[in-house]
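What follows is a short report on a single structure.
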2 protein chains.
Amino acid sequence: MAERAVAEPAVAADPLGTVLRPVRGGNGFEEAVERLLQVVRLGLVPVGGRLPAERDLAGRLAISRVTLREALRVLHEQGLIESRRGRQGGTFVRAAPPPGAGLPVDAAGLEDLLRFREVLEVGAAGLCARAGLTGADAALLRARLRDTGDAAIDGYRRADTLFHLALAELSGSPSLARQYAAVRARLNELLDGIPMLIRNIEHSQAQHAALTAAVLTPDAPRAEALARAHTSATASLLRGFLS
Amino acid sequence: MAERAVAEPAVAADPLGTVLRPVRGGNGFEEAVERLLQVVRLGLVPVGGRLPAERDLAGRLAISRVTLREALRVLHEQGLIESRRGRQGGTFVRAAPPPGAGLPVDAAGLEDLLRFREVLEVGAAGLCARAGLTGADAALLRARLRDTGDAAIDGYRRADTLFHLALAELSGSPSLARQYAAVRARLNELLDGIPMLIRNIEHSQAQHAALTAAVLTPDAPRAEALARAHTSATASLLRGFLS
DNA sequence: CTTCAATGGTCCGTACCCATACCTTAAGTC
DNA sequence: GACTTAAGGTATGGGTACGGACCATTGAAG
C-alpha cells in the first residue's frame, strides 16, 4: 500500500459538497469551446476534417448560433479551425490543440482522472461481455480494432481512442459513454505531452485484440481483467511523467 | 437478434452525438431545483432538517441568489420546503418529493441507469479495497454501516444511500462520487414507488456487512463480487416492477 | 433592555444569451 | 449562364441571470 502516497488529502467525505457544486461549468460559450475541443482531442473529427455546420452544431449543443460562433471565434484565433463559405464550405479542423491547453492538472486531479477512467473502462468491458454483443455491434468493435492495426504511428492515438469509445458506447449505458468521452478527452490532453514508443503501441495493440476476443467470447471476468491491465499501463506511465 | 430484448435501440454508436449534446441541462433555476431535490432524495438533509443558508447555497451552486430563490419558490409551492426568517431561521425540508416527480423513465433510460449504477458501485468498492482505507476513512465506513443497522424501517433508505455514497466518496475519485450521487438520486426516486419488505432489508443489511468486511480486509475481487450481487438484487426488482 | 448578528426578502443596472431574420459567398443543377 | 442550395456572416430586440446593495425579522449576547 505504499502507492497512493500521491494524493491523500484525508477525503473527509463531504456529501453535501458532492451534490452542491456549481451547476454551470463556465461562461456558456466556454462550455461550447470545451465540447469542441473534446471532439478534436477524441479524434471524432480528424485534423483536416469538417465539423458539422454551424446551425447543426448550435442545435446539438442547444445554444444559439451567436454563442456558438463566439466559441468558434476563440478556436479560430488560436489557429485550430478555419471556416470557408459557400456550398461546400464549413468549419475545418486545422490543427490539434496543444497539450496542456486546458486547466493544469494537480496530483489529486490526476488521481481522480486515472481512477475514474479505470472504473469506466473495466465497467464498459464487463457490460459488453455480460450483455453479449449482437452481430452489428460486434462487427463495429472488430472494425475499430482493425483500425488500430491499420493506423500509422501518428494516427494511433486517434484509433486507440475510437476503439475504447466504441466499447463504452456499446455498453448499453449512454451515461457511461458520455462520462468516458469526457474522461478520455482529458486523458488524451495529458498523453499528447508524452512521447509514444513503438514498443508500447505493439503491446497495446495485442491487449486490444485480447480484450476484443474476451468481450466477444464472451468471458466477462477475463475482459475486465484485461481492461484493468490495459489501463494500469497508461496509469503508471502518467503517474511517472507528472510527478 | 432476439437476445437483449429489453432495451435495444440498435446502439449504432454515434460518437459525435455522445459529445455534441446540450451543454445546459435546463433553464438555470431548473438545474438548481434538480440539485436541491437530489439533496433531499439522497437524504443528505433529512425531512425536518435545515438546508444551508441562501447565500451559502447560491455560492455553492455558483448561481445568483435571485435565481436560487426562484428555485426555492418552486419547491415551496410544492410544499417540500419552508422558510423562516430571523437569526435561527433558514430553509427547512418539510416533506420528501413524491416518487415519479421527475422525468418519466422509459425502458432504455432504466437500463442506462441500472448498468451505470452497477459500474459505479462495483468500481467504488474495488477502488476502496485496492487502495486500502486509512484509519479515519475505515472508521467512517464502519459508522455508516452501523447507521444502517440502527435505522428504523422508514429511515432505512436514507441510511442505505449514505452508506453507498460514503463508499463512493472514499474511492478517491470525486468524479465517481459525483456521478454516483446523481445516479443514486434517480434510483431512489424509482425505489420510493416500491414497497420495502423487512426480509429485503435484512438481506441487504447482511450484504452491507460482508461488503464492508471485504473492503477493509482488503479483498478487492470479493468486494467487487459482493457489490455486483448487491446491485443486481435491486436491478431485478426494478426491472420487474417497471415493465 | 439594547445591541448585534444571521437569516430571509426585495430592488436595480449591467452583461450575457437567445430567437429570428436577412445578407454574402460559392458550388452545384438545369 | 441563370437558378438553386448550402454554407458562413451580420444585425436587432427581448429575456434571463448576475452582482451588489439594501430592507425586514428574529433570537442571542452583552
Side-chain angles (χ1 to χ4, degrees), chain A residues 16 20-36 39-40 44-46 48-95, chain B residues 16 20-36 39-40 45 48-95:
Chain A
L16 260 185
L20 296 179
R21 58 195 148 78
V23 295
R24 298 275 197 254
N27 232 347
F29 81 95
E30 289 176 344
E31 295 228 27
V33 168
E34 203 47 51
R35 287 292 174 83
L36 294 170
V39 169
V40 179
L44 293 177
V45 175
R50 208 196 80 171
L51 291 168
E54 290 185 357
R55 289 167 179 81
D56 185 16
L57 271 179
R60 288 171 181 264
L61 296 173
I63 58 179
S64 77
R65 239 186 105 204
V66 183
T67 308
L68 170 70
R69 283 177 55 75
E70 200 162 350
L72 291 176
R73 193 175 55 78
V74 170
L75 296 178
H76 177 75
E77 284 170 356
Q78 300 183 359
L80 299 180
I81 62 175
E82 194 181 32
S83 294
R84 287 204 291 274
R85 296 211 281 194
R87 179 153 184 176
Q88 296 285 349
T91 309
F92 297 83
V93 177
R94 277 190 65 80
Chain B
L16 259 184
L20 296 180
R21 57 192 149 77
V23 297
R24 299 276 198 252
N27 231 346
F29 81 96
E30 290 176 343
E31 295 226 29
V33 168
E34 202 48 50
R35 288 291 176 82
L36 295 170
V39 170
V40 180
V45 175
R50 209 197 79 170
L51 291 167
E54 290 185 357
R55 290 167 179 80
D56 186 13
L57 271 180
R60 287 171 182 264
L61 296 173
I63 60 180
S64 78
R65 239 186 104 202
V66 182
T67 308
L68 171 69
R69 284 177 54 75
E70 201 163 348
L72 292 176
R73 192 175 55 77
V74 171
L75 297 178
H76 177 74
E77 284 170 357
Q78 300 185 359
L80 300 179
I81 61 174
E82 194 180 31
S83 292
R84 288 204 291 273
R85 296 210 281 195
R87 178 150 184 178
Q88 295 286 349
T91 309
F92 298 83
V93 177
R94 277 191 66 80

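Residue numbering restarts at 1 for every chain, and letters A, B, ... go by the order of the sequence lines. Predicted model, so just to flag it, every value in this text is computed and none were measured. Worth knowing before you read on, the calculation uses all heavy atoms, side chains too, and leaves out hydrogens, waters and symmetry mates.
Side-chain N/O atoms of A:R87 include none lying less than 4.0 angstrom from OP1 or OP2 on C:dT29. For A:Q88 and D:dA7, the shortest distance from a side-chain N or O to OP1 or OP2 is not below 4.0 Å. In this model, the phosphate group of D:dA7 is not approached by any side-chain N or O of A:S83 to a distance below 4.0 Å at OP1 or OP2.
The minimum heavy-atom distance linking B:E82 with B:H76 is given by the pair CA-ND1, 4.1 Å.
Note that the CG atom of A:L80 and the CG atom of A:L75 stand 5.5 Å from one another [nearest 0.5 Å]. Annotation: the span from A:L72 atom CG to A:I81 atom CD1 amounts to 4.5 Å, rounded to 0.5 Å. For the atom pair CD1 (A:I63) and CZ (A:R35), the distance works out to 9.5 Å, reported to the nearest 0.5 Å. Here A:L20 contributes atom CG and B:D56 contributes atom CG; the two are 8.5 Å apart, rounded to the nearest 0.5 Å.
The side chain of B:R85 lies closest to C:dG8, out of C:dC16, C:dT25, C:dG8.
Residue A:F29 contributes atom CZ, which lies 9 Å from atom P of C:dC16 at whole-angstrom precision. Atoms CD (A:E54) and C1' (C:dT24) sit 13 Å apart, rounded to a whole Å. Distance A:E82 CD to C:dA26 P: 13 Å, rounded to the nearest Å. One atom, CG of A:L72, and another, P of C:dC17, lie 14 Å apart when rounded to the nearest Å. Whole-Å rounding puts the A:R84 CZ to D:dG8 C1' distance at 12 Å. Taking atom CD on A:E30 and atom P on C:dC16, their separation rounds to 11 Å, with Å as the unit. Residue A:R24 contributes atom CZ, which lies 12 Å from atom P of D:dG19 at whole-angstrom precision. Distance, B:R55 CZ to C:dT7 P: 8 Å, rounded to whole Å.
Across residues 60-70 of chain B, B:R65, B:V66, B:R69 each have a non-hydrogen atom less than 4.0 Å from an atom of DNA chain C (numbered order).
Checked for salt-bridge contact, A:R24 and B:E31 meet the test: a charged N lies under 4.0 Å from a carboxylate O.
Where A:P52 and B:N27 each meet DNA chain D at their nearest nucleotide, the meeting point lying more 5' is that of A:P52.
Summarising the local packing, CZ of A:R50 is surrounded by more than 12 heavy atoms from other residues, nucleotides or ligands at distances under 6.0 Å.
When heavy atoms are screened at a 4.0 angstrom cut-off, B:R73 is found touching no nucleic acid atom at all.
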